[in-house]
Undergrad: 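Below is one structure. I have some questions about it.
The model shown is predicted, which means the values in this text are computed figures rather than measured ones.
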Amino acid sequence: MARQRWGKRIEFFLTAVGFSVGVGDLWRFPYLVMKNGGGAFLIPIVIFNVFGAIPIVYLEMIMGQYSQSGAVSVWRVCPLFKGVGYGTIIATFLFSIYYAVIICWMLVVEDSVATTMASNVSSITSTLSPALTSTVSNLTTAAVAKMKPETASEQFFKYEALKISEGLEELGAVNWPIFGCLAAIEVVCFLCIFKGVKLTGKVVYFTVLGPFAILLVFLIRGALLEGADIGIKFYLTPDLDKLSDISIWAEACMQVFVSIGPGFGGMITFASYNKFSNNCMRDAILVCLMDLLTGFLGGFVIFSVLGHVSHKTGIEIENFKESGFSLGFIAYPEAANYLPPPQLWCALFFVMSIFLGIDSQFPNYEIVVTALRDEFSKLLKGKTTILTLIVILVAFLLAIPMVTEGGMYLLTLVDWYAATFSVTIFALTELLVMTYIYGIKNIDQNMLEMTGRRVPIVFKICWLVITPILLTRLRAETRPNELWGPPAEVRELEGKKHAHFALANQTLVVQDAEKSKEGDAAVVNGGEVAYLKKNNAFDNPMFNTRL
């Protein structure tokens with residue numbers, strides 16, 4: 001059976017853009033810029049984009065387009081490294097499992113935003129769980145004064161939307177609204193890809209262009225807000241001294257690679273459905289630049305709103321330093337209450353985020369389905385629909401533990417250790433194998449056969465020298481846990497906890513106070529001892545991935 005083709009070249013381009021541009025460009029990128037030196041952080045971002053992502057994305061598109069194969073079968077050029085292909089689809093499949101759950105969280109919050117969140121803006125304890133409410137009522141005034149209060153948005157998300165348990169060891173019952181959303185998301189993904197790229201290419205017109213239209217509306221509305229300049233100035237003001245910190249460069253590398261997605265097998269897969277003569281160099285450059293531009297504009301959207309809130313309330317923007325997760329689910333919904341009408345702007349924000357999530361989600365399944373169908377072509381010939389159904393069904397079943405009351409803790413662990421750091425290893429291995437084993441001359445000849453043009457010398461230099469040195473040097477000078485595992489903020493908090501210091505978002509851990517039971521911290525005031533359950537390190541998780 002002949003391989004399917006994109007109906008139009010723009011369908012391939014939009015699919016690649018949708019795969020690359022996710023909610024992380026709107027949530028996590030602005031946070032990283034703010035945290036890591038403001039405008040100065042754009043320097044490593046641009047460097048890794050130009051000398052890291054673009055050359056590898058271009059190479060992947062050449063691999064897929066010339067071989068007309070998915071992420072596993074493409075390694076027939078060097079069978080010894082076919083394990084890299086299997087690694088990429090495993091990482092992509094793991095990512096697709098929990099990314100669907102995150103989209104479900106957006107659906108649940110968006111569904112409730114008009115009726116619940118906006119009416120609870122002034123509430124501090126209305127949505128607290130009964131256990132926490134009873135505990136707080138036993139605290140002294142001085143103890144409560146030293147606690148960091150939770151906003152209504154934060155309380156709503158944790159205790160009403162997620163019904164979060166006390167820890168990973170307590171998964172609890174299934175959260176049925178989120179379970180229902182998960183089933184709906186998986187059905188939508190199936191309907192988007194079960195007919196192959198002919199259908200996928202039509203879907204992306206809506207799922208990719210829609211969020212950009214809403215983003216433009218937010219950009220204009222944010223620029224007109226009083227005090228928007230305060231947030232934008234905070235966002236862009238550079239702190240060049242921070243560039244001497246290797247962790248800043250590590251975070252820039254992770255943001256670029258996990259956002260654009262080299263190493264996930266996506267660009268190989270999408271390019272394999274191109275016409276043999278397609279100009280993939282142009283597409284590679286445009287896709288990476290679109291991802292960079294979207295993140296940059298997302299920063300203006302977020303911080304113009306936060307600047308307005310700062311102007312209205314007098315709260316310093318430093319107090320909004322949330323991770324991508326918290327910025328999306330907590331900080332922005334709270335800030336939206338200052339944008340009349342709050343329900344409209346909060347709902348639009350989550351609609352935009354949901355579309356960004358969906359057009360990054362269903363391509364993940366397409367990557368896995370294409371890889372399996374190409375690798376086992378005889379066995380799976382004519383069974384694309386069944387194969388798609390099985391892949392999505394397995395992902396759905398594996399995601400069920402993540403929609404329980406303790407599912408957020410499990411999801412965070414999988415994100416930290418399973419599907420983030422590995423993609424940089426796959427991308428680097430892919431680059432070295434294709435450059436030094438398959439050979440630059442062969443790649444150059446492949447490009448000549450396809451387009452009648454050779455690979456520009458600048459890309460050859462990047463493949464041979466600049467990109468490998470950039471990635472290997474970063475890897476050599478960075479401790480493993482700076483790129484893999486919990487982000488630096490969480491490691492720092494956990495270190496303080498084990499050293500019996502107070503955490504920023506916890507009650508005081510007081511010396512010379514007898515603990516009532518394991519896991520409880522003592523709070524002392526004038527001889528009175530009260531006990532408060534310690535916050536779990538995952539209460540405000542900081543995701544490494546495209547979120």
Undergrad: Set out, in order, the CA-CA distance, both residues' side-chain angles and the distance that settles side-chain contact (heavy atoms from CB on, under 4.5 Å) for V208 and V21, then state yes or no.
TA: CA-CA 9 Å; V208 175; V21 177; over 6 Å; no

Undergrad: If you take all heavy atoms of R3 and T370, which pair is closest and at what distance?
TA: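 So the minimum-distance heavy-atom pair works out to NH2-CG2, 3.5 Å.
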
Undergrad: Please name the pair of heavy atoms, one in V108 and one in C181, separated by the smallest distance, quoted to 0.1 Å.
TA: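 For V108 and C181, the tightest heavy-atom pair comes out as CG2-SG, 3.9 Å.
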
Undergrad: Would you check if W75 and Y86 make a side-chain contact, meaning some heavy-atom pair closer than 4.5 Å?
TA: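 The answer is no; the side chains never approach within 4.5 Å.
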
Undergrad: Taking the side chain as everything from C-beta on, heavy atoms only, tell me whether F257 gets closer than 4.5 Å to I56.
TA: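 A side-chain contact under 4.5 Å exists here.
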
Undergrad: Hey, what do you get for CZ (F194) to CG (L389), rounding to the nearest 0.5 Å?
TA: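 Rounded to the nearest 0.5 Å, the CZ-CG separation comes out at 11.0 Å.
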
Undergrad: Are any non-hydrogen side-chain atoms of V72 and D374 less than 4.5 angstrom apart?
TA: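 Heavy-atom side-chain distance check fails, nothing below 4.5 Å.
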
Undergrad: Go through the steps for T15 and F19 under the test side-chain contact (heavy atoms from CB on, under 4.5 Å), then give the verdict.
TA: CA-CA 6 Å; T15 303; F19 174 73; 5.6 Å; no

Undergrad: For residues Y365 and F190, determine if any side-chain heavy atom of one lies less than 4.5 Å from a side-chain heavy atom of the other.
TA: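 No; the side chains remain at least 4.5 Å from each other.
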
Undergrad: Within a strict 4.5 Å, meaning less than it, do heavy atoms of the I178 and K163 side chains meet?
TA: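 No, side chains not in contact.
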
Undergrad: With distance as the sole test, does N175 use its side chain to make a donor-acceptor pair with the main-chain N or O of L162 at under 3.5 Å?
TA: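 Flag set: sc N175 to bb L162 pair under 3.5 Å.
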
Undergrad: Verify the distance criterion only: is there a donor paired with an acceptor across the side chains of Y273 and E11 at less than 3.5 Å?
TA: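 No, E11 and Y273 have no side-chain donor paired with an acceptor closer than 3.5 Å.
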
Undergrad: Is there a side-chain contact between I185 and L107, using heavy atoms and a 4.5 Å cut-off?
TA: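 A side-chain contact exists here, since the closest heavy-atom pair is under 4.5 Å.
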
Undergrad: Could you walk me through whether I268 and E430 pass side-chain contact (heavy atoms from CB on, under 4.5 Å), step by step?
TA: CA-CA 11 Å; I268 295 175; E430 177 182 281; 3.8 Å; yes

Undergrad: Would you be so kind as to tabulate the donor-acceptor pairs closer than 3.5 Å made by side chains of residues 348-359, with sequence neighbours excluded?
TA:
{"residue": "S353", "atom": "OG", "partner": "W27", "partner atom": "NE1", "Å": "3.4"}
{"residue": "S353", "atom": "OG", "partner": "F349", "partner atom": "O", "Å": "2.9"}

Undergrad: Hey, does the side chain of Q65 reach the backbone of C280 with a donor-acceptor pair shorter than 3.5 angstrom?
TA: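 No, Q65 side chain to C280 backbone: no donor-acceptor pair under 3.5 Å.
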
Undergrad: F212 versus V17: any side-chain heavy-atom pair under 4.5 Å?
TA: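 Yes, side chains in contact.
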
Undergrad: Show, in sequence, the C-alpha distance, side-chain angles and deciding distance for V23 and M106, and conclude whether the side-chain contact (heavy atoms from CB on, under 4.5 Å) test is met.
TA: CA-CA 11 Å; V23 290; M106 300 178 203; 3.6 Å; yes

Undergrad: With no hydrogens and no angle check, is any side-chain donor or acceptor of S73 less than 3.5 Å from a backbone partner on G70?
TA: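 No; judged by distance alone, with no hydrogens or angles, the pair does not exist.
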
Undergrad: Provide the closest heavy-atom pair for V287 versus A16 in the form atom of the first, atom of the second, distance.
TA: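 Reported closest heavy-atom pair: CG2-CB, 3.7 Å.
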
Undergrad: Mind checking the CG-OG spacing from L225 to S304? Nearest 0.5 Å is all I need.
TA: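 Reported to 0.5 Å precision, the distance equals 6.0 Å.
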
Undergrad: Kindly write out the residues that satisfy side-chain contact (heavy atoms from CB on, under 4.5 Å) with L292, not counting sequence neighbours, or none if the list is empty.
TA: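 Per chain and number, L292 pairs via side-chain contact (heavy atoms from CB on, under 4.5 Å) with I45, V46, N49.
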
Undergrad: Any side-chain heavy atom of M267 within less than 4.5 Å of one from S20?
TA: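 Result yes, sub-4.5 Å side-chain heavy-atom pair found.
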
Undergrad: Please answer whether the main-chain N or O of G18 pairs with a side-chain N or O of S360 as donor and acceptor at a distance below 3.5 Å.
TA: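 Yes.
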
Undergrad: Looking only at heavy atoms, which two atoms of D291 and S259 are closest? And how far apart?
TA: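 In terms of heavy atoms, the two residues are closest at OD1-OG, 2.8 Å.
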
Undergrad: Do you know which two heavy atoms are closest between T269 and G265, and how far apart they sit?
TA: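 Taking every non-hydrogen atom into account, OG1-O, 2.8 Å.
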
Undergrad: Quick one: does S96's side chain have a donor or acceptor within less than 3.5 Å of a partner on F93's backbone?
TA: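 Yes: the side chain of S96 pairs with the backbone of F93.
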
Undergrad: Rounded to the nearest 0.5 Å, what separation is found between the CZ atom of F270 and the CH2 atom of W6?
TA: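 Nearest 0.5 Å value for the CZ-CH2 distance: 6.5 Å.
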
Undergrad: When you look at OH of Y205, are more than 12 heavy atoms from neighbouring residues, nucleotides or ligands closer to it than 6.0 Å?
TA: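 Check passes, neighbour count above 12.
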
Undergrad: Is it the case that the ring center of F303 lies less than 6.0 angstrom away from the ring center of F300?
TA: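 Here the rings of F303 and F300 have centres that are no less than 6.0 Å from each other.
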
Undergrad: Between CD1 of I232 and OH of Y235, what distance do you get to the nearest 0.5 Å?
TA: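 If I round to the nearest 0.5 Å, the distance is 9.5 Å.
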
Undergrad: Backbone N or O of G263 within a donor-acceptor pair of the E60 side chain at under 3.5 Å?
TA: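 Judged by distance alone, yes, a pair lies under 3.5 Å.
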
Undergrad: Taking all non-hydrogen atoms of both residues, which atom of A228 and which atom of G222 are closest, and how far apart?
TA: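 Taking every non-hydrogen atom into account, CB-O, 3.2 Å.
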
Undergrad: When rounded to the nearest 0.5 angstrom, what is the spacing between CG in L379 and CZ in R373?
TA: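 Between atom CG of L379 and atom CZ of R373 there are 13.0 Å.
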
Undergrad: In Å and rounded to the nearest 0.5 Å, what is the OG1 to CD1 distance from T88 to I425?
TA: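 Reported to 0.5 Å precision, the distance equals 14.0 Å.
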
Undergrad: Might you confirm whether atom NZ of K202 has over 12 heavy atoms from other residues, nucleotides or ligands at distances under 6.0 Å?
TA: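 More than 12 within 6.0 Å, yes.
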
Undergrad: As a test of understanding, state which of E375, M63, Q68 forms a side chain to side chain contact (heavy atoms under 4.5 Å, CB included) with V74.
TA: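 With V74 as partner, side chain to side chain contact (heavy atoms under 4.5 Å, CB included) holds for just one option, M63.
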
Undergrad: Are the side chain of S165 and the backbone N or O of G172 linked by a donor-acceptor pair below 3.5 Å?
TA: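 Checking the backbone N and O of G172 against the side chain of S165, no donor-acceptor pair under 3.5 Å is found.
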
